[in-house]
Colleague: 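Here's a structure for you.
Counting begins at 1 with the first residue of the sequence. Just so you know, these numbers come straight off a predicted model, no measurement behind them.
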Amino acid sequence: MSAVALRRPADSGRPTAPARSAAWRFVNAAVAVVARDITLTFKTPQTIAFTLAMPILMMGLIGGNLMENMAKGLPFSFGEFMLVGMFVNMLFMSTTMSMTSLIDDSDENFSAELLVSPASRYAIVIGKILGSSFLGLLSGVGVIVVGLFMGIHLAGWQLVVLFALSPLMCLSGGAVAMIVFGVVRNRRAANTAVMLITMPQMFLSGVIIPISSSTGILYVLSRVLPMTYCVDLGRAVAYAGTAQYASVVLFNPAISLVVIAALTVLFLIVGTFLYVRSEKDR
């Protein structure tokens with residue numbers, strides 16, 4: 001038998017097998033956490049009802065009042081301006097509010113059981129955020145529906161792009177929440193913390209009030225908030241190709257996308273570290 005026949009088949013696929021296996025375990029763990037959170041959400045219909053009521057309060061009452069009393073004379077369509085801002089705001093707010101379930105998971109020792117499993121801690125955290133973002137997406141749909149009743153609508157392709165960007169926006173909001181809940185371990189304090197990290201961003205990131213003329217401390221605060229760049233990226237999509245684009249969009253969309261991604265990664269790393277440490281110190 002020749003030496004060629006005795007030669008073993010090349011095992012070029014072996015080095016990539018562990019990487020594929022690790023990636024599969026990561027995705028599998030994240031999907032399992034997402035599925036659990038969504039299942040728990042459907043078991044609490046009052047939470048879904050409250051989530052769907054939020055767009056009515058925010059868009060119908062606050063937004064409607066602003067449209068009737070303060071929107072005249074603006075060089076852009078305030079309806080679309082507010083619709084995109086509220087869409088992003090609901091993604092942030094609902095995702096962050098849903099992330100308070102981390103406190104319940106900790107009290108029930110579910111978090112400890114997850115962290116001692118072979119699953120990646122980042123897979124657990126990302127799965128938790130994406131599971132929490134289910135309510136954010138529901139509230140985003142609510143914003144679009146309320147907008148239709150108010151005579152505000154976007155083109156189909158604009159909605160498609162906004163919803164395509166929504167997972168990144170939810171990850172950004174959830175990553176901020178991870179830092180807070182990695183430090184705050186009390187449910188009452190956590191609920192207060194949620195309001196402290198969502199309400200200021202609503203007014204400082206240009207959700208319903210233009211911030212192009214902000215100066216001083218308000219300017220600095222608006223530029224360090226992740227929601228500012230998510231809102232601006234959404235408006236860059238909604239106003240693309242229109243004469244109002246320059247009056248509404250603050251940054252180049254590529255810059256907004258890079259900033260969102262960079263802040264999300266940073267907050268995920270810091271938040272995961274704080275979360276794991278807090279569970280170990282219990």
Side-chain angles (χ1 to χ4, degrees), residues 33-34 36-41 43-55 57-58 62 88-116 121-122 124-139 169-205 207 217-218 220-222 224-228 230 263-282:
V33 175
V34 171
R36 173 186 178 270
D37 272 29
I38 293 178
T39 301
L40 291 177
T41 298
K43 290 183 177 180
T44 55
Q46 63 273 20
T47 302
I48 297 178
F50 176 76
T51 300
L52 293 176
M54 284 294 291
L57 295 175
M58 305 295 282
I62 299 177
V88 176
N89 181 63
M90 287 293 101
L91 294 179
F92 263 72
M93 182 175 291
S94 297
T95 300
T96 304
M97 292 175 65
S98 185
M99 287 287 287
T100 56
S101 62
L102 281 171
I103 308 297
D104 298 330
D105 290 345
S106 180
D107 292 341
E108 297 169 0
N109 293 321
F110 180 74
S111 297
E113 293 174 4
L114 278 179
L115 292 175
V116 298
R121 293 167 179 174
Y122 290 105
I124 295 171
V125 169
I126 291 175
K128 188 67 182 179
I129 295 174
L130 293 179
S132 299
S133 69
F134 176 72
L135 287 175
L137 292 173
L138 280 181
S139 62
M169 297 176 180
C170 289
L171 273 175
S172 180
V176 175
M178 281 302 305
I179 295 179
V180 176
F181 298 138
V183 177
V184 178
R185 309 304 300 166
N186 177 272
R187 181 65 186 233
R188 181 177 297 179
N191 289 333
T192 303
V194 167
M195 299 306 295
L196 289 176
I197 63 177
T198 55
M199 295 306 292
Q201 290 195 84
M202 176 179 173
F203 295 103
L204 293 173
S205 62
V207 171
I217 187 64
L218 294 179
V220 174
L221 289 174
S222 67
V224 300
L225 295 175
M227 194 191 294
T228 298
C230 290
L263 290 178
T264 299
V265 171
L266 175 63
F267 293 155
L268 275 177
I269 294 173
V270 176
T272 301
F273 170 78
L274 294 174
Y275 170 62
V276 173
R277 188 183 66 175
S278 67
E279 287 297 317
K280 289 182 178 179
D281 292 343
R282 290 181 61 214

Colleague: Do side-chain atoms of Ser98 reach the backbone of Thr95 as a donor and acceptor pair under 3.5 angstrom?
Modeller: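 No, because the side chain of Ser98 does not come within donor-acceptor range (under 3.5 Å) of the backbone of Thr95.
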Colleague: Roughly how far apart are Met93 CE and Met202 CE, rounded to 0.5 Å?
Modeller: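 Met93 CE to Met202 CE: 6.0 Å, rounded to 0.5 Å.
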Colleague: Any chance you could measure Leu91, atom CG, to Ser172, atom OG, to the nearest 0.5 Å?
Modeller: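 One gets 10.5 Å once the value is rounded to the nearest 0.5 Å.
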Colleague: Could you tell me whether the side chain of Leu171 reaches within less than 4.5 Å of the side chain of Ile126, counting heavy atoms only?
Modeller: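 Heavy-atom side-chain distance check passes, below 4.5 Å.
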Colleague: Quick check for you: to the nearest 0.5 Å, what is the distance between Leu221 atom CG and Gln201 atom CD?
Modeller: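 So the CG of Leu221 and the CD of Gln201 are separated by 10.5 Å.
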Colleague: Is the shortest heavy-atom distance from the side chain of Val194 to the side chain of Phe181 under 4.5 Å?
Modeller: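 A side-chain contact exists here, since the closest heavy-atom pair is under 4.5 Å.
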Colleague: Check Gly173 against Thr96 and note the closest heavy-atom contact, atom names and distance.
Modeller: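 Heavy-atom minimum between the residues: O-OG1, 3.8 Å.
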Colleague: Say you draw a straight line from CZ of Phe273 to CG of Leu268; how long is it, rounded to the nearest 0.5 Å?
Modeller: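 Those atoms lie 15.0 Å apart.
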Colleague: State the CE-CD1 distance between Met178 and Ile269, to the nearest 0.5 angstrom.
Modeller: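 Rounded to the nearest 0.5 Å, the CE-CD1 separation comes out at 12.5 Å.
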Colleague: Considering only heavy atoms from C-beta outward, does the side chain of Arg36 approach that of Leu40 to under 4.5 Å?
Modeller: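 Yes, their side chains come closer than 4.5 Å.
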Colleague: Which heavy-atom pair separates Pro200 from Met195 by the least distance, and what is that distance?
Modeller: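 Closest approach of Pro200 to Met195: CD-O, 3.5 Å.
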Colleague: Measure from the side-chain N and O atoms of Thr228 to the backbone N and O of Ser222, and report whether any donor-acceptor pair falls under 3.5 Å.
Modeller: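 Indeed, once roles are kept as given, a pair shorter than 3.5 Å links the two residues.
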Colleague: Going by heavy atoms in the side chains, are Pro226 and Val176 under 4.5 Å from each other?
Modeller: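 Answer yes - side chains close enough.
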Colleague: What residue among Val33, Val34, Asp37 forms side-chain contact (heavy atoms from CB on, under 4.5 Å) with Ser132?
Modeller: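 Only one of Val33, Val34, Asp37 forms a side-chain contact (heavy atoms from CB on, under 4.5 Å) with Ser132, namely Asp37.
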Colleague: Compare all side-chain heavy atoms of Met227 with those of Met169 and state whether any distance is below 4.5 angstrom.
Modeller: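 Heavy-atom side-chain distance check fails, nothing below 4.5 Å.
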Colleague: Excluding sequence neighbours, so at least two apart, what forms side-chain contact (heavy atoms from CB on, under 4.5 Å) with Thr192?
Modeller: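 Result, side-chain contact (heavy atoms from CB on, under 4.5 Å) vs Thr192: Leu196.
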Colleague: Determine whether Tyr275 and Lys128 make a side-chain contact, defined as any pair of heavy atoms from C-beta on separated by less than 4.5 Å.
Modeller: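 No, side chains not in contact.
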Colleague: With no hydrogens and no angle check, is any side-chain donor or acceptor of Thr44 less than 3.5 Å from a backbone partner on Thr41?
Modeller: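 The answer is yes, because a donor-acceptor pair under 3.5 Å joins these two groups.
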Colleague: With a 4.5 Å limit on heavy-atom distance, are the side chains of Thr272 and Tyr122 in contact?
Modeller: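 In short, these two side chains touch, coming nearer than 4.5 Å.
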Colleague: With rounding to the nearest 0.5 Å, note down the distance linking CE in Met90 to CG in Leu135.
Modeller: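 Rounded to the nearest 0.5 Å, the CE-CG separation comes to 12.0 Å.
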Colleague: Does Phe267 have any ring pair (Phe, Tyr, Trp, His ring centres under 6.0 Å) partners at least two apart in sequence or in another chain, and if so, which?
Modeller: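 Not a single residue meets the ring pair (Phe, Tyr, Trp, His ring centres under 6.0 Å) criterion with Phe267.
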Colleague: Quick one: side-chain contact (heavy atoms from CB on, under 4.5 Å) partners of Leu57, sequence neighbours excluded?
Modeller: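 Per chain and number, Leu57 pairs via side-chain contact (heavy atoms from CB on, under 4.5 Å) with Leu61.
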